[in-house]
Amino acid sequence: MTLQFHNTLTGEIDKFESIVPGKVSIYTCGPTVYDYPHIGNWVAYIYWDTLVRVLMANDYDVTRVMNITDVGHLVSDADEGEDKLEKGARREGKTAWEVAKFYTNDFLNGMKQLGLVTPQFIAKATDYIPDQIKLVQKLVDKGYTYQIDDGIYFDTSKFPTYADFAHLNLDAQKAGARVEFNQQKRNASDFALWKFTPAGEKRDMEWLTPQEILEDGKWNMEDGKSQSIANSQIPIANSQRMGFPGWHIECSAIAMSILGETLDIHTGGIDHIPVHHTNEIAQSESATGVIFSNYWLHNNHLKVNNTKISKSLGNGYTLKDLQEKGYSPLDFRLFVLQSNYRKEGNFTFDNLQSAKNRLHNWRNIAALRHQIHDTLQSEAERAKDDKTISLLATSQAIIEALNDDLGTPQALKIIDEAFARITRSSLSRVDRQSLIQLLETIDSTLGLQLIDSTPDISDEEKKILLLRKSARERKDWDKSDELRDELLKLDVIIRDTNSETVWEYKI
RNA sequence: GGCGCGUUGACGGAACGGUUACGUGGAGCUCUGCAAAAGCUUAUAAAUGGGUUCGACUCCCAUACGUGCCUCCA
């Protein structure tokens, strides 16, 4: 099976081909750091992490960029309303910079807990202000922009394919819109590239608006009239017009600065299709004249108890909430992998429990590697062994399942079937090396850390096991049960099969 | 008001125009020193009504319900 993904750009499952053979560039829309991420946010990062792991399993050299939106952009697509970071700052009595730093660290910590591969570039928007200005400059120079009272806007009517990506019906949307648009905008879909700090305000995060991106060195004053900055009546301070980037410009600027004008893959949530990604495409392709990204992958959303997660409803659990209820980030990771990234998921604690149990069972399989010895049989004999052969084929089957548009549910099924073959057979017939190899494949593609999370039992515990073995051999059942209880207290469960005794983790 | 999506068993969740998905949980049986595991069995699976077809969970139409975007949010 070749590597293929559902591409929003074409609406089809497309065979993946990178621009440079063997190398792939990916841009992932990252978090806005003004609050704790909820489980719905994490779903996206888990799926895109799987994408990266699958590409690596196919021997691609992956260069991935994820932005951190640490500059306040506005709360709505209409470029109106309160700024999230400034709002968060007020809520917590901190500056926007402090808020951004705090939640950036929290996010990075969450990534670590979930076992997400760190992107090669984690780009903070505030570190790329000059790049963003440069991109605005380019669009100004090419005539794609216009300036109104509150900022510099992109004229979407100058990008004829604007509606194509999201299959928008702009006229119908305008007619049905329930929000009022900024009356100065030429088209309802026009968006801000650069916003001016409102007169008389001081923001925590603001930068000097370069004269070059302003129209003829003029700007509209509050009375709506254009005045020249050369006018000596205007105080010098006013000529230093402060501003900040619009909502969409950072992703284009960061992506192209680091990865070049055309990316292989751009990822994000489906909610980004109609506005954010549509705007990214418009501004990027207007500036460069070449296609911005060859593949666009979008993850569906997660619901909680069949209702959507939203900040305003306050039903978004955080990783910490899950941990307080006894579920680890990896339990959640397996829960997420149980469904396809394009399907709307539904989170309930029952479902999470189901994933937790599944992971626990898998860990007990992984622990078997400590309990079997390297087989002494020859290569020829090993090749004859069904179990060995099927375990080796399983690794390849997992990768092929994932290659087909990130088929994580199918991959999990393959793992279950392979593990079932192991539990059914006598331990002496399982080849240790091929089990380890399978576990390594699972960990590298799905990030479940089966190997790291399943250490061997202690020497003390092994000693008890041996004592119990001899007690059983002389049919001293009282002693045997006593030793079994002793191990249970140490969180080791044992079970006796026909030929041997197997230990498992209690938790 | 405009545009779109979904509806599979107790729960989660796949594939597929005809063949047991798989997992988690429940019940029963077998095996077993006990326990556990495993194996086997089991519970009216495809929202509803039509249509196409030799045959539909799978394709088409309608209805119901749910839900998403257009407004924060992945």
Side-chain angles (χ1 to χ4, degrees), chain A residues 28-32 34-35 37-48 73-78 80-82 84 87 166-180 188-189 267-276 298-303 306-313 316 334-335 337-362 364 401 404 407-417 419-420 423-426 472 475-478 480-481 484-485 488 493-498 501-504:
Chain A
T28 298
C29 283
T32 302
Y34 68 108
D35 204 349
H38 57 66
I39 52 177
N41 300 123
W42 286 119
V43 164
Y45 301 111
I46 290 170
Y47 285 129
W48 304 139
H73 56 59
L74 297 149
V75 295
S76 81
D77 289 351
E80 284 157 11
E82 273 188 298
K84 285 193 283 202
K87 194 174 164 187
H167 307 108
L168 300 176
N169 181 342
L170 295 176
D171 291 337
Q173 274 196 5
K174 197 169 11 181
R178 293 193 306 237
V179 288
E180 280 185 31
S189 53
T267 67
I270 49 168
D271 57 307
H272 280 161
I273 296 171
V275 179
H276 182 53
H298 290 99
N299 64 284
N300 209 321
H301 285 179
L302 180 71
K303 292 195 291 185
N306 279 309
T307 335
K308 77 164 181 166
I309 301 175
S310 90
K311 291 260 152 78
S312 47
L313 289 176
L334 184 58
F335 162 81
L337 295 177
Q338 284 183 324
S339 50
N340 185 271
Y341 77 102
R342 290 205 284 137
K343 188 170 164 147
E344 189 175 67
N346 185 31
F347 177 89
T348 63
F349 279 100
D350 280 352
N351 298 343
L352 183 59
Q353 182 67 46
S354 163
K356 179 191 168 83
N357 291 348
R358 193 181 203 175
L359 184 59
H360 181 247
N361 292 339
W362 285 14
N364 282 329
D404 185 11
T408 52
Q410 290 87 340
L412 302 195
K413 172 196 171 180
I414 290 163
I415 293 166
D416 275 315
E417 286 174 344
F419 284 179
T423 38
R424 266 182 224 138
S425 65
S426 159
R472 290 189 76 223
K475 300 203 189 298
D476 183 350
W477 305 128
D478 286 346
S480 163
D481 290 351
R484 180 165 62 198
D485 289 345
L488 190 60
I493 293 177
I494 49 182
R495 57 187 174 85
D496 304 312
T497 70
N498 289 336
T501 296
V502 175
W503 59 262
E504 296 184 340

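Quick caveat: nothing in here was measured; it's all calculated off a predicted structure.
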Please evaluate residues Asp416(A) and Trp362(A) with respect to the criterion side chain to side chain donor-acceptor pair (under 3.5 Å), reporting the C-alpha separation (whole Å), side-chain torsions for both, the decisive distance (0.1 Å), and the verdict.
CA-CA 8 Å; Asp416(A) 275 315; Trp362(A) 285 14; 3.0 Å; yes
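- Checking each of Asp271(A), Ile309(A), Val43(A) against His301(A) for a side-chain contact (heavy atoms from CB on, under 4.5 Å) leaves exactly one that passes, namely Asp271(A).
- Of the candidates rG12(B), rA35(B), rC22(B), the closest approach to any side-chain atom of Asp416(A) belongs to rC22(B).
- For the pair Asp350(A) CG and rG26(B) P, the computed distance is 12 Å after rounding to whole Å.
- The closest donor-acceptor contact from the side chain of Ser354(A) to the backbone of Asp350(A) lies at 3.5 Å or more, if one exists at all.
- When distances run from any side-chain atom of Ser339(A) to the nucleotides rA14(B), rA38(B), rA74(B), the shortest one goes to rA14(B).
- Among rC34(B), rA74(B), rG13(B), the nucleotide with an atom closest to any side-chain atom of Pro409(A) is rG13(B).
- The side chain of Asn41(A) lies closest to rA74(B) when the candidates are rG12(B), rA35(B), rA74(B).
- A donor-acceptor pair under 3.5 Å links the side-chain atoms of Asn41(A) to the main chain of His38(A), judged by distance alone.
- Counting atom types as modelled, Arg484(A) pairs a side-chain N or O with a base atom of rA35(B) as donor and acceptor under 3.5 Å.
- Without hydrogens or angle criteria, Asn300(A) side chain to Gly345(A) main chain gives no donor-acceptor distance under 3.5 Å.
- In this structure, Leu302(A) and Asp496(A) both approach RNA chain B, and ranking their closest nucleotides by distance from the 5' end singles out Asp496(A).
- Scanning atom types as modelled, one donor and one acceptor separated by under 3.5 angstrom connect the side chain of Ser480(A) and the base of rG33(B).
- Set against rC22(B), rA14(B), rA74(B), the side chain of His272(A) has rA74(B) as its closest nucleotide.
- Proximity note for Asn351(A) (side chain, C-beta onward) versus rA35(B), rA15(B), rC11(B): the nearest is rC11(B).
- We find that CG of Asn299(A) is positioned 13 Å from P of rC69(B), with the value rounded to whole Å.
- Taking side-chain N and O atoms only, Asn361(A) has a distance below 4.0 Å to OP1 or OP2 of rU24(B).
- Side-chain proximity of Ile309(A) to the nucleotides rC22(B), rA38(B), rA74(B) is greatest for rA74(B).
- The side chain of Lys413(A) lies closest to rC22(B) when the candidates are rA74(B), rA38(B), rC22(B).
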Going 5' to 3' along nucleotides 4-10 of chain B, which nucleotides have protein heavy atoms under 4.0 Å from the base (write B), which only from the sugar-phosphate (write S), and which from neither (write -)?
-------
The dot-bracket string of RNA chain B, counting Watson-Crick and G-U wobble pairs with both distances under 3.5 Å, using [ ] for crossing pairs and | for pairs to another strand, is (((((((..(((.....[...))).(((((.......)))))....(((((..]....))))))))))))....
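- Set against rG23(B), rA74(B), rA35(B), the side chain of His301(A) has rA74(B) as its closest nucleotide.
- Among the nucleotides rA14(B), rG33(B), rC22(B), the one closest to any side-chain atom of Asp481(A) is rG33(B).
- Counting to the nearest Å, the P atom of rG13(B) and the CG atom of Asn346(A) are 7 Å from each other.
- Between the CD1 atom of Ile414(A) and the P atom of rA15(B) there is a distance of 12 Å, given to the nearest Å.
- Lys475(A) comes within 4.0 angstrom of no nucleic acid atom, judged by non-hydrogen atoms across all strands.
- In this entry the distance linking CD of Glu417(A) with P of rG23(B) reads 7 Å, nearest Å.
- Between rU24(B) and Asn357(A), no contact under 4.0 Å exists linking OP1 or OP2 to a side-chain N or O.
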